[in-house]
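The structure under discussion appears below in the form of structure tokens.
Numbering starts at 1 and runs along the sequence shown. Side-chain atoms are counted along with the backbone in the values below, which use heavy atoms only and exclude waters and symmetry mates.
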Amino acid sequence: MADKEKPNVIAITDFRLRGVKVVEGEVVAKSDFASKGDWQNLANMRPARVEETDKPVGKPKAPAKAEMPAASK
């Protein structure tokens, strides 16, 4: 039996969807694309621009700010 289809895609690189920029790491619902072929084209490119995922839709979380090392005297 085949695995359940994943409902979303995650951006591996930036691209535009309906005129809006989708940034790397952002999760978008497959249903946001005009047709199934649109997200599949991005997934099947070499290199791929999206990957199927179960993660919730949303912007990528900002990386934690690295602490600057204390200046030595």
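- Taking all atoms of both residues into account, the shortest heavy-atom contact from Ala43 to Ala48 is O-CB, 3.4 Å.
- Rounded to the nearest 0.5 Å, atoms CD (Glu51) and CD1 (Ile10) are 7.5 Å apart.
- Salt bridge Lys21/Asp14: present, at least one basic N to carboxylate O contact under 4.0 Å.
- Rounding to the nearest 0.5 Å places CZ of Arg49 at 10.0 Å from CD1 of Ile12.
- Counting only distance, with no hydrogens or angles, the side chain of Asn8 and the backbone of Lys55 share a donor-acceptor pair below 3.5 Å.
- Grouping the Ile, Leu, Val, Met, Phe, Trp and Tyr side chains by contacts below 4.5 angstrom, directly or via other members, places Val23 apart from Phe15.
- We find the CD-CD distance between Glu5 and Glu52 to be 6.0 Å, quoted to the nearest 0.5 Å.
- The NZ atom of Lys30 sits 13.0 Å away from atom CG of Asp38, with the distance rounded to the nearest 0.5 Å.
- Atom CD of Glu26 is separated from atom CG of Leu17 by 9.0 Å, given to the nearest 0.5 angstrom.
- Minimum interatomic distance between Arg18 and Asp32 (heavy atoms only, all atoms of both residues): NE-O, 2.9 Å.
- Remark: side-chain polar atoms of Asp54 are not paired, donor with acceptor, to backbone N or O of Lys6 under 3.5 angstrom.
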Working for side chain to side chain contact (heavy atoms under 4.5 Å, CB included), residues Val9 and Leu42: CA-CA 10 Å; Val9 292; Leu42 293 172; over 6 Å; no
